[in-house]
K.L.:
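Starting off with a structure, shown below.
One-based numbering along the sequence shown.
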Amino acid sequence: MFALAMIYLKRGDDDAWKSWCRRAAEAGLVGATRAMGLVTADTDEEESWLRRAADGGARHEMLHLANMLARKGQAAEAEQWYHAAIAHGLPSVRHDLASFLIAQDRPAEAEPYVRAEAEAGSWPAARLLAEALERLGRATRPPNGARGPRP
């Protein structure tokens, strides 16, 4: 069904593509559920398709679902999906999880997720680490009023 959907997509027949893609997704094909998550973005259906894809092991959809749930204020479930995405081999989600934890006023828990990346030279991770340390009251200033490196 999904192969047929792709043929219709290449032909530019959006209605047939969506119809066959939906059928393939409803039959449980993870690739089709991922596609439906994209097709239904910003609609009432999006969360349902993201959940199906994430439950099927689609790690990018796990992240997308976590971000969606965080925006909706469903923090506990969002955090579970961030951890699931990391466990499924998407280490870049550590940064997202750290941002989420800082927003939840949990900077001590956020620190280990960005420390290694910051020490390896990641500027975004360094900024996030600095924010976590500042919230923890452990931010350091250069000695004797010296200025640190400029970004």
K.L.:
Taking all non-hydrogen atoms of both residues, which atom of P107 and which atom of I102 are closest, and how far apart?
P.N.:
CA-CG1, 4.4 Å
K.L.:
How long is the span from the CG atom in L50 to the OG1 atom in T33, to the nearest 0.5 Å?
P.N.:
9.0 Å
K.L.:
Once rounded to the nearest 0.5 Å, what's the spacing between atom CZ of R59 and atom OG of S92?
P.N.:
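Taking CZ in R59 and OG in S92, the distance rounds to 8.5 Å.
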K.L.:
Please name the pair of heavy atoms, one in V93 and one in A85, separated by the smallest distance, quoted to 0.1 Å.
P.N.:
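Where V93 meets A85 most closely, the heavy atoms are CG2-CB, 3.9 Å.
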K.L.:
Does E109 form a side chain to side chain contact (heavy atoms under 4.5 Å, CB included) with Q104? I'd like the steps, not just the answer.
P.N.:
CA-CA 10 Å; E109 294 173 64; Q104 296 289 311; over 6 Å; no
K.L.:
Rounded to the nearest 0.5 Å, what separates atom SG in C21 from atom OH in Y8?
P.N.:
14.0 Å
K.L.:
For E26 and R52, run salt bridge (charged side-chain N to carboxylate O under 4.0 Å, His left out): C-alpha distance rounded to whole Å, both residues' side-chain angles, the deciding distance at 0.1 Å, then the answer.
P.N.:
CA-CA 9 Å; E26 288 170 349; R52 288 183 187 193; 5.4 Å; no
K.L.:
Give, for atom CE of M6 and atom CZ of F2, the distance between the pair rounded to the nearest 0.5 Å.
P.N.:
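Reported to 0.5 Å precision, the distance equals 5.0 Å.
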K.L.:
List the steps, then state whether salt bridge (charged side-chain N to carboxylate O under 4.0 Å, His left out) holds for R135 with E131.
P.N.:
CA-CA 6 Å; R135 286 188 181 208; E131 183 178 351; 3.4 Å; yes
K.L.:
Less than 4.5 Å apart, any side-chain heavy atom of H95 and any of V114?
P.N.:
yes
K.L.:
Determine yes or no for a side-chain-to-main-chain donor-acceptor pair under 3.5 angstrom, with T43 supplying the side chain and T40 the backbone.
P.N.:
yes
K.L.:
Is the shortest heavy-atom distance from the side chain of M1 to the side chain of L29 under 4.5 Å?
P.N.:
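Result no, sub-4.5 Å side-chain heavy-atom pair not found.
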K.L.:
Could you give the distance from CD (E134) to CG (L136), rounded to the nearest 0.5 Å?
P.N.:
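These two atoms lie 10.5 Å from each other.
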K.L.:
Specify the closest pair of heavy atoms between V30 and A53, including all atoms of both residues, with the distance to one decimal.
P.N.:
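Heavy-atom minimum between the residues: CG1-O, 4.2 Å.
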K.L.:
What are the two closest non-hydrogen atoms of A125 and A118, and how far apart are they?
P.N.:
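Taking A125 first and A118 second, the nearest heavy atoms are CB-N, 3.6 Å.
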K.L.:
Taking distance alone, no hydrogens or angles, what donor-acceptor pairs closer than 3.5 Å link side-chain atoms of residues 60-80 to residues at least two apart or in another chain?
P.N.:
{"unit_1": "E61", "atom_1": "OE1", "unit_2": "R34", "atom_2": "NE", "d": "3.1"}
{"unit_1": "E61", "atom_1": "OE2", "unit_2": "R34", "atom_2": "NE", "d": "3.3"}
{"unit_1": "H64", "atom_1": "NE2", "unit_2": "E46", "atom_2": "OE2", "d": "2.9"}
{"unit_1": "N67", "atom_1": "OD1", "unit_2": "Y82", "atom_2": "OH", "d": "2.6"}
{"unit_1": "K72", "atom_1": "NZ", "unit_2": "E47", "atom_2": "OE1", "d": "2.3"}
{"unit_1": "E77", "atom_1": "OE1", "unit_2": "R51", "atom_2": "NH2", "d": "3.1"}
{"unit_1": "E77", "atom_1": "OE2", "unit_2": "R51", "atom_2": "NH1", "d": "2.4"}
{"unit_1": "E77", "atom_1": "OE2", "unit_2": "R51", "atom_2": "NH2", "d": "3.1"}
{"unit_1": "E79", "atom_1": "OE1", "unit_2": "R106", "atom_2": "NH1", "d": "2.8"}
{"unit_1": "E79", "atom_1": "OE1", "unit_2": "R106", "atom_2": "NH2", "d": "3.0"}
{"unit_1": "E79", "atom_1": "OE2", "unit_2": "R106", "atom_2": "NH2", "d": "3.0"}

K.L.:
Look at the side-chain heavy atoms of Ile, Leu, Val, Met, Phe, Trp and Tyr, link any pair under 4.5 Å apart, and say whether Y113 and L133 land in one connected group.
P.N.:
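No, Y113 does not connect to L133 through the hydrophobic network.
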K.L.:
Locate the shortest heavy-atom distance separating A98 from L128; write the atom from each residue and the value.
P.N.:
CB-CD2, 3.7 Å
K.L.:
Are E45 and R22 packed together at the side-chain level, in the sense that at least one heavy-atom pair is separated by less than 4.5 angstrom?
P.N.:
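Result yes, sub-4.5 Å side-chain heavy-atom pair found.
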K.L.:
Can you tell me how far OG of S19 sits from CG of D14, rounded to the nearest 0.5 angstrom?
P.N.:
12.0 Å
K.L.:
Please tell me whether L101 and I86 are part of a single hydrophobic cluster in this structure, the criterion being side-chain heavy atoms less than 4.5 Å apart.
P.N.:
yes
K.L.:
Considering non-hydrogen atoms only, spot the tightest contact between P91 and G89 and give its length.
P.N.:
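Where P91 meets G89 most closely, the heavy atoms are CD-O, 3.2 Å.
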K.L.:
Side-chain contact, heavy-atom cut-off 4.5 Å: V39 with W49?
P.N.:
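In short, these two side chains do not touch, never coming nearer than 4.5 Å.
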